[in-house]
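Because the structure is predicted, anything quoted here is derived from the model rather than measured. Naming convention: chains lettered A, B, ... in sequence-line order (proteins, then strands); numbering from 1 in each chain.
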Amino acid sequence: MQGELPGQSVEEIAVDAAINAVEDSGLTFADLDGLIACKSVQGNGNDVTVGQLLGLNLPYVQSLDYGTCNFSLHLAVAAIGAGLCNTVLLTYGANARSRKFDFGRPMYGADMASAAGLVHIAGRAGLALQRHKAIYGTTDEQFGMLAVGQREWARKNPNAIFRKPLSMDDYLAEKYMVEPLRRSDVTMISDGGVAFVVTTAERAADLPTKPVYISGIAEHAGVRGEHNPENLMRPWLKDAARDIWANTGMGPADIDALYIQDPTALWTLQMLEYYGFCDLGEGGPFLAEGHTLPGGDLPLNTHGGQLSESYTWGWMHLVEAVRQLRGQAGERQLEAPETAMYLSSHGFVKAAASILSTNASVGS
Amino acid sequence: MSESPSPVDHPVAEPFFQAAAEGRLVVQHCNSCDALRWPPLSGCPECRSRDTTWVEVAPAGTIWSFVVYHRAFSRSLKDQIPYTVAMVQLDEGPYLVGRLVEGKKPPKVGDRVDAEFLEVGGVSTVRWRIA
């Protein structure tokens with residue numbers, strides 16, 4: 001669920017999503033033995049506050065930071081693999097829109113850059129895009145294919161918040177917000193909640209719902225942050241890329257549907273390149289060729305992503321990957337996709353990649 | 001909307017502002033491994049030593065990238081838009097973020113810049129001008 005949910009706490013939103021997810025899975029709350037809660041941007045909605053509303057005393061509960069959807073999934077895989085639990089509920093609730101959260105405030109307290117006016121995620125993303133344009137010759141028209149393409153996908157999604165047509169001419173006519181980024185290159189802000197149930201393949205086999213399997217995962221951190229050379233290009237993404245392909249024995253050609261968490265379209269451009277869907281610096285021409293649009297050979301964020309569908313910090317990307325693999329995506333349903341990839345990052349410090357499949361034996 | 005944040009009260013950055021008031025650009029220097037570091041940290045991420053001094057560096061560098069804000073994300077920035085922020089790579093290595101003063105021509109990645117020292121709202125700081 002997404003949109004505006006005024007007057008609701010992030011815990012209430014997370015619990016509503018959890019009720020839907022548990023019902024969808026064919027399980028009951030009594031079947032759960034783990035809870036991993038992802039906090040909201042304000043830091044609310046942790047395992048204790050969500051767990052209390054759910055009324056659950058479980059063998060394993062844990063909280064992860066804001067914006068850690070993919071990492072929540074990975075922690076569930078690790079906890080199940082370690083025998084801490086078997087069936088884990090993942091929750092996330094957000095009310096940043098109705099609570100008017102100030103995204104212009106520095107996330108980690110005042111610093112030298114914010115004092116110079118480098119505030120909001122669009123500032124650093126804009127610096128990275130400007131550099132990309134200067135080094136590789138990426139044009140506004142090429143980069144704009146992301147915003148325009150996301151809107152094309154969103155127009156097929158009744159749940160998407162931005163569904164008004166956005167042509168390339170419309171895009172190019174938009175004023176810059178933080179030049180070289182326009183409004184449509186940057187995420188919307190919306191409220192919403194998402195929950196998942198993650199369990200073993202053996203347990204899933206007994207359930208009425210069509211399961212989606214986790215074929216492989218990888219992470220890499222770049223926590224040196226601004227002390228990394230060329231940090232805004234996020235060079236540590238390529239380390240997560242190397243590992244996800246090595247862990248699964250797969251390659252970009254094996255991916256039927258691609259999901260990239262997109263606080264700004266620049267993130268998508270960087271990940272397309274580092275994960276090898278095109279060469280480094282070739283993201284612009286690659287996008288211009290239309291691969292990622294409806295009808296293309298690399299469907300990208302088929303729900304519309306954060307630019308057009310909703311602002312649920314990548315959680316709806318994972319929902320959409322599951323819906324596509326289950327064949328439940330309505331008008332935008334791809335033709336029998338078997339493998340989906342979900343790529344995300346946590347600001348300028350962490351990368352995560354997951355490959356999902358309809359087939360239990362795919363990947364490692 | 002929040003007011004423009006300033007790190008001037010943060011003790012780890014204090015020497016920077018003191019030097020700026022004297023027209024000097026300083027960054028941190030690790031006495032153990034000689035690495036220059038910016039932004040300031042309480043220890044060296046190269047060798048984990050906390051033995052730090054501040055050293056003067058040449059107030060010159062190259063534009064690594066820049067952005068132009070057409071939207072104000074806080075009240076205090078409202079009368080400043082449009083404003084330009086550049087990430088400058090100093091000739092001696094570290095990257096510094098600062099305001100870029102409008103010149104005769106639009107800035108480009110790779111342009112040479114010099115630091116200017118000025119006082120804004122009672123705080124000494126550094127901004128960049130195309131050389």
Check your understanding: Will you find, in the side chains of B:H29 and B:E56, an N or O donor that is under 3.5 Å from an N or O acceptor?
Key -> no
Contacts with chain B made by residues 223-241 of chain A (heavy-atom distance under 4.5 Å), listed by residue number =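 From residues 223-241 of chain A, the residues near chain B are A:R224, A:E226, A:H227, A:P229, A:E230, A:L232, A:M233.
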Listed by number, the residues in residues 169-183 of chain A that come under 4.5 Å of chain B (heavy atom to heavy atom) are A:Y176, A:M177, A:V178, A:E179, A:P180, A:R183
Test of understanding: with salt bridge (charged side-chain N to carboxylate O under 4.0 Å, His left out), list the residues that count as partners of B:K78, not counting sequence neighbours.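 Per chain and number, B:K78 pairs via salt bridge (charged side-chain N to carboxylate O under 4.0 Å, His left out) with no residue.
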| message | Looking at B:D111 and B:R129, is there a salt bridge between them, counting it only when a charged N and a carboxylate O are closer than 4.0 Å? | response |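 B:D111 and B:R129: not salt-bridged.
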Using only atom types and a distance under 3.5 Å, with no angle test, would you say the side chain of [X] pairs donor to acceptor with the backbone of [Y]?
| X | Y | answer |
| --- | --- | --- |
| A:D191 | A:S98 | yes |
| B:R37 | B:L41 | yes |
| A:Q130 | B:F66 | yes |

Most contacts with chain B, counted as non-hydrogen pairs under 4.5 angstrom, among A:A122, A:A128, A:G123: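 Top option by heavy-atom pairs under 4.5 Å: A:G123.
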Residue set satisfying ring pair (Phe, Tyr, Trp, His ring centres under 6.0 Å) with B:Y83, at least two apart, ordered chain then number -> B:Y69
I need the residue from B:V126, B:V68, B:V97 with the largest number of non-hydrogen atom pairs under 4.5 Å to chain A.
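Among B:V126, B:V68, B:V97, the one with the most close pairs to chain A is B:V68.
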Hey, are the side chains of [X] and [Y] touching, using non-hydrogen atoms and a 4.5 Å cut-off?
| X | Y | result |
| --- | --- | --- |
| B:L96 | B:L25 | yes |
| A:P263 | A:Q306 | yes |
| A:L266 | A:D185 | no |

